[in-house]
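Worksheet for the structure shown next.
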Amino acid sequence: MSKINVLEHRIPEYPVDKIFITRWSPRAMSGEAVSKEELMSLFEAARWAPSAFNNQSWRFLYSLKGSETWDTYFGLLAEGNKTWVGNAGALVLILSKTTFDYNGKPTKTHAFDTGAAWGSFALQGSANGLVIHGMQGFDYDRAKTELKIPDDYKVQAMAAVGKPGNPTSLPQKLRDMEIPSTRKSLSEIALEDASLLITD
Ligand SMILES: Cc1cc2nc3c(=O)[nH]c(=O)nc-3n(C[C@H](O)[C@H](O)[C@H](O)COP(=O)(O)O)c2cc1C
């Protein structure tokens with residue numbers, strides 16, 4: 001079990017509910033199963049996210065470890081992610097529907113709205129004592145073809161869901177990274193003047 005006290009690593013600049021600070025993305029997981037019931041609580045949180053026209057463009061495809069789809073989901077992962085995701089209990093592929101339900105036209109905010117839903121998913125998972133770790137390290141094209149995802153859905157990301165584990169189970173390089181990260185300062189991200197935006 002991870003003993004890391006996240007609040008020792010993250011100091012907010014302004015008052016904020018601690019749910020936002022204590023969510024982080026460990027990689028150490030115990031290998032225990034995650035039940036469908038536990039997963040549904042996370043989808044329930046995601047379900048209530050706001051969206052343009054209440055289109056609710058988020059979709060979640062999931063695989064529980066041991067189910068017949070697990071090898072297909074796991075096989076999509078980049079090698080670096082495979083080294084630690086084997087101890088997850090579920091993999092979730094996050095999709096957005098790119099068109100409005102009411103007129104079939106493209107939505108401008110399917111990714112934005114789906115990101116909000118993913119945020120709720122991750123916060124609820126953290127509140128429930130689970131490890132939730134977002135991933136872009138997988139083959140997006142193969143995900144589309146192997147899971148037979150229709151053209152009007154865009155693959156956004158994957159998430160590993162698991163029970164917390166001991167960091168000593170990780171390869172040394174990942175064990176050294178098993179520390180809650182910090183953030184840019186508020187003065188870098190909340191601006192009154194576009195001329196203060198930093199571009200590369
Ligand atoms: C969309 C997305 C993709 C990510 N892809 C990966 C990934 O492929 N592999 C990985 O180890 N971590 C991945 N991460 C985790 C991020 O590196 C992590 O969220 C970020 O460093 C902030 O740390 P925190 O989540 O602990 O606050 C991803 C996170 C998100 C939201």
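Whatever order the structure lists ligands and atoms in, that order sets their numbers, starting from 1.
- The nearest heavy-atom contact from the protein to atom 11 (O) of ligand 1 is Arg27 NH2, 2.7 Å.
- Within the structure, the closest approach of Trp84 to ligand 1 falls below 4.0 Å when heavy atoms are considered.
- When hydrogens are left out, the protein atom nearest atom 12 (N) of ligand 1 is His133 NE2, 2.8 Å; that is the closest non-hydrogen contact.
- Nearest protein neighbour of atom 6 (C) of ligand 1, counting heavy atoms only, is Gly134 O, 3.2 Å.
- For the pair Gly137 and ligand 1, the shortest N or O to N or O distance falls below 3.5 Å.
- Here the heavy atom of the protein found nearest to atom 25 (O) of ligand 1 is Ser25 OG, 2.4 Å.
- In summary, the side chains of Asn55 and Ser51 do not present any donor paired with an acceptor at a separation below 3.5 Å, with no hydrogens or angles considered.
- If you check which protein heavy atom lies closest to atom 23 (O) of ligand 1, you get Ser181 OG, 3.2 Å.
- Within the 4.0 Å heavy-atom shell around ligand 1 one does not find Met158.
- The shortest separation from a heavy atom of His9 to ligand 1 is not under 4.0 Å, leaving the residue out of contact.
- In terms of modelled atom types and a separation under 3.5 Å, the side chain of Asn128 and the main chain of Leu42 share no donor-acceptor contact.
- Judged by distance alone, the side chain of Thr99 and the main-chain N or O of Gly104 form no donor-acceptor pair under 3.5 Å.
- Among all non-hydrogen protein atoms, the one lying nearest atom 5 (N) of ligand 1 is Gln136 N, 2.8 Å.
- The presence of a protein heavy atom under 4.0 Å from atom 15 (C) of ligand 1 is confirmed.
- Of all atoms in ligand 1, numbered sequentially from 1 with element shown, those under 4.0 Å from a heavy atom of Trp24 are 26 (O).
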Practice item. Take Met177 and Leu174 through the test side-chain contact (heavy atoms from CB on, under 4.5 Å) and record every step on the way to the result. Key: CA-CA 5 Å; Met177 292 164 66; Leu174 295 181; 4.0 Å; yes

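- In terms of protein heavy atoms, atom 1 (C) of ligand 1 is closest to Ala157 CB, 4.1 Å.
- A salt bridge is absent between Arg175 and Glu178: the closest approach of a Lys/Arg side-chain nitrogen to an acidic carboxylate oxygen does not fall below 4.0 angstrom.
- Arg23 contributes no side-chain N or O that, together with a main-chain N or O of Gly119, makes up a donor-acceptor pair within less than 3.5 Å.
- A centroid separation of 6.0 Å or more is found between the aromatic rings of Tyr62 and Phe60.
- Inside a 4.0 Å radius of atom 19 (O) of ligand 1 there is at least one protein heavy atom.
- Listed by number with element, the atoms of ligand 1 under 4.0 Å from a non-hydrogen atom of Arg10 are 24 (P), 26 (O), 27 (O).
- Regarding atom 9 (N) of ligand 1, its nearest protein heavy-atom neighbour is Asn81 OD1, 2.9 Å.
- Each of the following atoms of ligand 1 lies closer than 4.0 Å to a heavy atom of Arg183: 22 (C), 24 (P), 27 (O).
- Residue Met177 does not touch ligand 1, judged by heavy-atom distances below 4.0 Å.
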Check your understanding: Step by step, would you call Leu93 with Phe138 a side-chain contact (heavy atoms from CB on, under 4.5 Å)?
Key -> CA-CA 10 Å; Leu93 188 71; Phe138 68 96; 3.7 Å; yes

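- Using a 4.5 Å cut-off on side-chain heavy atoms (C-beta onward), Met135 and Leu91 make contact.
- Per-atom contact check: atom 28 (C) of ligand 1 touches the protein, criterion being a heavy-atom distance below 4.0 Å.
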**Study point:** Derivation and outcome, ring pair (Phe, Tyr, Trp, His ring centres under 6.0 Å), residues Trp84 and His133
**Key:** CA-CA 11 Å; Trp84 56 274; His133 200 124; 4.5 Å; yes

Check your understanding: What's the verdict on side-chain contact (heavy atoms from CB on, under 4.5 Å) for Trp58 and Gln56, showing C-alpha distance, side-chain angles and the deciding distance?
Key -> CA-CA 6 Å; Trp58 44 82; Gln56 304 163 60; 3.6 Å; yes

Point to revise | Pair Tyr153-Arg59, side-chain contact (heavy atoms from CB on, under 4.5 Å): steps then yes or no | key: CA-CA 9 Å; Tyr153 289 82; Arg59 298 292 185 275; 3.6 Å; yes

